[in-house]
Amino acid sequence: MTPTARSTPASGAPLDGLAALARTAAHPPGATPCGCADGGLVGVLADREDGTVVRHGALVVKAHAPDTDPEAHRARLALAARPDVADVLLSPLPLPPAAPEVLGGRPVTAWPYGPPVDPGDPDAAPWEEAARLLALLHRTPLPPGADLPPMRAPLKAALAVDRMRRSAPDHPAAATVLAAWETIPTELTAPGNTPHLLCHGDFHLGQLVRLTPPSPTPPAPSTPPPWRLIDVDDLGLGDPAWDLARPAAWFAAGILPPEIWSRFLGAYQEAGGPAVGTDPWIRLDVPARALTVQTAALALAKSTAEGRPLDEVEEVMIDTCARIAGHRTG
């Protein structure tokens with residue numbers, strides 16, 4: 001976490017406003033003066049085009065993407081605040097009474113801070129816990145009368161390909177990625193993809209945090225805080241196989257070891273997850289191919305914009321697209 005050092009991040013969100021909002025939400029008027037361990041600084045946890053997140057003490061504030069649909073956003077937040085998903089999703093916090101709900105044309109929300117998965121300790125990654133959370137989410141009955149939007153996983157795959165077409169049309173690997181994309185049935189990536197069950201829409205290990213209790217009641221040393229899914233920007237109704245698609249794509253590409261994939265999939269099935277049956281690839285094949293293409297397309301777009309060659313993992317995803325293009329299965 002780095003201290004606030006500029007007024008406007010690369011994503012265009014007003015960082016000074018976010019920092020002030022984080023301090024106010026963490027320490028409302030009349031509350032005890034700030035005694036946070038960070039010395040009152042506001043740290044930048046994420047700064048991307050699709051969202052900027054800052055932290056002060058035990059609270060984070062997020063500025064969502066500028067093209068966020070207001071009605072869908074409200075529906076997703078309302079769902080995350082429901083008690084029947086509190087064991088799965090991190091619940092949002094109310095903004096201070098006088099706080100703006102939009103900064104710089106971007107919706108803002110407040111959340112409790114939770115420690116994320118440690119990227120430096122891959123052996124401790126909570127694959128089984130993540131699988132159980134997804135299974136529980138997918139099994140959650142839809143709220144009566146809820147008008148939830150479609151989850152955005154299929155749309156995000158299509159948007160990634162469009163971005164590659166605009167920013168890296170002449171890249172030597174672009175044709176390979178497009179050939180793999182042509183193997184994906186068009187109806188499965190359309191914005192109106194038929195909704196089915198409640199889905200996260202953008203699952204990866206970065207979407208997990210520990211749910212830490214208030215400081216007066218710390219957990220016992222032998223009982224680590226539970227994990228929760230975060231980031232509701234893509235939450236909605238759809239085919240739950242898409243929530244398993246990224247790990248499936250990594251496994252198919254040889255990036256995720258078979259034993260980890262087996263642990264993840266086994267935990268999901270043992271928890272009653274409805275996304276897959278006896279042969280998981282009947283449901284996972286197309287979403288996994290789509291996520292492979294999405295990852296490769298974004299790699300080409302970003303590497304071109306940054307003027308750098310593809311890294312090793314990105315090259316693997318391009319090679320996997322070549323295999324997909326040569327072996328159509330649907």
Is there side-chain contact between [X] and [Y], with heavy atoms separated by less than 4.5 Å?
X      : Y      : result
Gln294 : Arg246 : yes
Val108 : Val102 : no
Arg139 : Leu198 : no
Leu237 : Cys199 : no
Val61  : Thr109 : no
Val53  : Leu18  : no
Pro149 : Asp69  : no
Leu229 : Leu134 : yes

Pair Val54-Leu45, side-chain contact (heavy atoms from CB on, under 4.5 Å): steps then yes or no: CA-CA 5 Å; Val54 301; Leu45 301 185; over 6 Å; no
At what distance, to the nearest 0.5 angstrom, does [atom1] of [X] lie from [atom2] of [Y]?
X      : Y      : atom1 : atom2 : result
Glu312 : Glu315 : CD    : CD    : 9.0 Å
Ile324 : Thr320 : CD1   : OG1   : 6.5 Å
Asp239 : Leu244 : CG    : CG    : 10.0 Å

Side chain to side chain donor-acceptor pair (under 3.5 Å) contacts touching residues 83-93 (sequence neighbours left out): Arg82-Asp84
Where at least one partner belongs to residues 142-158, residue pairs that pass side chain to side chain donor-acceptor pair (under 3.5 Å), sequence neighbours excluded: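 For residues 142-158: Arg152-Asp234, Lys156-Asp202, Lys156-Asp234.
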Worked check of side-chain hydrogen bond (donor to acceptor under 3.5 Å, both in side chains) between Thr183 and Trp181: CA-CA 5 Å; Thr183 73; Trp181 181 242; over 6 Å; no
Nearest heavy-atom pair of [X] and [Y]: which atoms, and what distance?
X      : Y      : result
Ala299 : Leu310 : O-CD2, 3.9 Å
Gly206 : Ile230 : O-CD1, 3.9 Å
Ala296 : Ile318 : CB-CD1, 3.7 Å
Thr304 : Ala168 : OG1-CB, 3.4 Å
Leu197 : Pro240 : CD1-CG, 3.9 Å
His200 : Leu137 : N-CD2, 3.5 Å

Option from His73, Arg76, Lys62 for which side chain to side chain donor-acceptor pair (under 3.5 Å) with Asp233 holds: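 So the option named by the test is Lys62.
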Full working for salt bridge (Lys or Arg N to Asp or Glu O under 4.0 Å) between Glu101 and Arg74: CA-CA 11 Å; Glu101 295 184 356; Arg74 285 190 291 270; over 6 Å; no
Without placing hydrogens or testing angles, list every side-chain donor-acceptor pair under 3.5 Å for residues 247-265, not counting sequence neighbours.
unit_1	atom_1	unit_2	atom_2	d
Arg263	NE	Glu128	OE2	2.6
Arg263	NH2	Glu128	OE1	3.1

Single hit among Leu159, Val293, Leu300, Leu298 for side chain to side chain contact (heavy atoms under 4.5 Å, CB included) with Met164: Leu300
Ring pair (Phe, Tyr, Trp, His ring centres under 6.0 Å): pairs with one or both residues in residues 135-170, sequence neighbours excluded: His138-Tyr268
Partners passing side-chain contact (heavy atoms from CB on, under 4.5 Å) against Pro100 (at least two apart in sequence or in another chain): Leu103
With Pro115 via side-chain contact (heavy atoms from CB on, under 4.5 Å) - residues at least two apart: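 By the side-chain contact (heavy atoms from CB on, under 4.5 Å) rule, Pro115 matches Tyr113, Arg210, Thr212.
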Examine distances only and state if a side-chain atom of [X] and a backbone atom of [Y] form a donor-acceptor pair shorter than 3.5 Å.
X      : Y      : answer
Arg55  : Ala22  : no
Asp50  : Ala65  : no
Arg228 : Ala86  : yes
Glu306 : Ser303 : no
Thr292 : Ala288 : yes

Val313 reachable from Val117 in the ILVMFWY side-chain graph, under 4.5 Å edges: yes
Leu142 with Leu235, same ILVMFWY side-chain cluster at under 4.5 Å: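 Result: yes, single cluster for both.
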Residue pair His196, Met151: steps toward the side-chain contact (heavy atoms from CB on, under 4.5 Å) verdict: CA-CA 10 Å; His196 299 289; Met151 64 94 173; over 6 Å; no
Working for salt bridge (Lys or Arg N to Asp or Glu O under 4.0 Å), residues Asp319 and Arg323: CA-CA 7 Å; Asp319 291 343; Arg323 295 201 304 272; over 6 Å; no
Electrostatic pair Asp285:Arg289 at N-O distance under 4.0 angstrom: yes
Verdict with reasoning, Leu79 to Leu77, per side-chain contact (heavy atoms from CB on, under 4.5 Å): CA-CA 5 Å; Leu79 176 66; Leu77 282 180; over 6 Å; no
Intermediate values then yes/no, side-chain contact (heavy atoms from CB on, under 4.5 Å), Arg23 and His56: CA-CA 6 Å; Arg23 292 191 188 97; His56 178 69; 4.2 Å; yes
